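All chains are named by letter (A, B, ...) in the order of the sequence lines, taking the proteins before the strands, and each is independently numbered beginning at 1. The model shown is predicted, which means the values in this text are computed figures rather than measured ones.
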Number of protein chains: 2
Amino acid sequence: MSGTDTNVPHLLSHPLPAPVPVGELAACPVADVLHRVGDKWSVLVLVLLGRRPYRYNELHRGIEGISQRMLTRTLRGLETDGLVARTVHPSVPPSVEYDLTPLGRSLLGPLSALAEWAVRHGDEIAAAREIQLRT
Amino acid sequence: MSGTDTNVPHLLSHPLPAPVPVGELAACPVADVLHRVGDKWSVLVLVLLGRRPYRYNELHRGIEGISQRMLTRTLRGLETDGLVARTVHPSVPPSVEYDLTPLGRSLLGPLSALAEWAVRHGDEIAAAREIQLRT
DNA sequence: CGGAATCCCATGTGATACTG
DNA sequence: CAGTATCACATGGGATTCCG
């Protein structure tokens, strides 16, 4: 991912002093994407759909604790952003299948990098939080 | 702590059907981290502090549009999670310096992967949103 | 300078009930 | 099966004022 750095500026990697305000970053879609994927359920839906297509109730059973409302809203949001495709199969009873779009699938890579970091350092964060609680 | 754990499972990369509900993922800290960094300002603060240490008002000026309240809350949150260190220099007038901890710095890598993705595909997301708006 | 306190609104999230 | 509708609550976020 960092290997093909042809024209994309490395926004996070250069340790230079900031000459200008981060309008460059506020205007850039990084925070946008983080906000989209940073909600409570989106990443879980993306991960599941990264394995195979799922039907609605299948997702509902697969993601423990999600309400129908939030599952629907999450799917709609991801669909709106072109990350998830919704396909209705005209059968009786009707079945609806959700799957990742190529765009959504391309997000799995960067997401997995963050996932690995989270798995590796999650306990450190938890430890840091514990310390704050006892002071 | 978890540094010795070399076989971190690739939660997002194996395309196998899900044998069990994602309790594995709901319990794992991935969504947690996304939620922490997925707010409106955290990533911007992390990026700035990735370049060099900053003082409070320096950050306030550097991040256009952030309120004092949110800057403080964001810094406190990142500090609580052990990603940012706050150092008070006893001078007159007092100066407070914020910097990334090693943990915080280790997050810049995965974050930059996501940032590159966002820069590359941000327009596709915008395009997908436009389509939804006109229907 | 580096915040804290307060008020207020928007959004996220959940529970429940209902439906084609 | 695959949702919608409604209510209710917690949190996020901004504006303003005040303080050591």
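Side chain of B/Arg36 to main chain of B/Ser42: no donor-acceptor pair is present (N/O by atom type, distance under 3.5 Å, no hydrogens or angles).
Distance, B/His60 NE2 to D/dG14 P: 10 Å, rounded to whole Å. Computed from coordinates, the A/Ile66 CD1 to C/dT13 C1' distance equals 10 Å when rounded to whole Å. The CG-C1' distance, from B/Asp39 to C/dT11, rounds to 14 Å in whole Å. At whole-Å resolution of the value, CG in A/Leu34 and P in D/dG12 are 16 Å apart. When rounded to the nearest whole Å, the span between CZ of B/Arg61 and C1' of C/dC1 equals 10 Å. Atom pair A/Glu58:CD and D/dG3:C1' shows a separation of 16 Å (rounding to whole Å applied).
The side chain of A/Arg86 contributes an N or O atom lying less than 4.0 Å from OP1 or OP2 of D/dG3. Contact annotation: B/Lys40 does not reach the phosphate of C/dT11 (side-chain N/O to OP1 or OP2, under 4.0 Å). Distances shorter than 4.0 Å separate some side-chain N or O of A/Tyr98 from OP1 or OP2 on D/dG3. Contact between the side-chain N/O atoms of B/Tyr56 and the OP1/OP2 oxygens of C/dA4 is not found at any separation under 4.0 Å.
For residues 66-118 of chain A, the ring pair (Phe, Tyr, Trp, His ring centres under 6.0 Å) pairs, not counting sequence neighbours, are A/Trp117-A/His121.
Scanning all heavy atoms of the two residues, the minimum distance from B/Glu124 to A/Leu103 falls at OE1-CD1, 3.4 Å. Residues B/Gln68 and B/Tyr56 come closest through the heavy atom pair O-OH, 3.1 Å.
Looking at residues two or more places apart in sequence or on another chain, you find no ring-ring contact (aromatic ring centres under 6.0 Å, His included) involving A/His35.
Along DNA chain C, the nucleotide nearest B/His35 and the nucleotide nearest B/Asn57 are compared for position; the residue whose nucleotide lies closer to the 5' end is B/Asn57.
You'll find the side chain of B/Asp99 stays beyond 4.5 Å of the side chain of B/Thr87, heavy atoms only.
In the region residues 67-79 of chain A, proximity to DNA chain C at under 4.0 angstrom, judged on heavy atoms, holds for A/Gln68, A/Arg69, A/Met70, A/Arg73.
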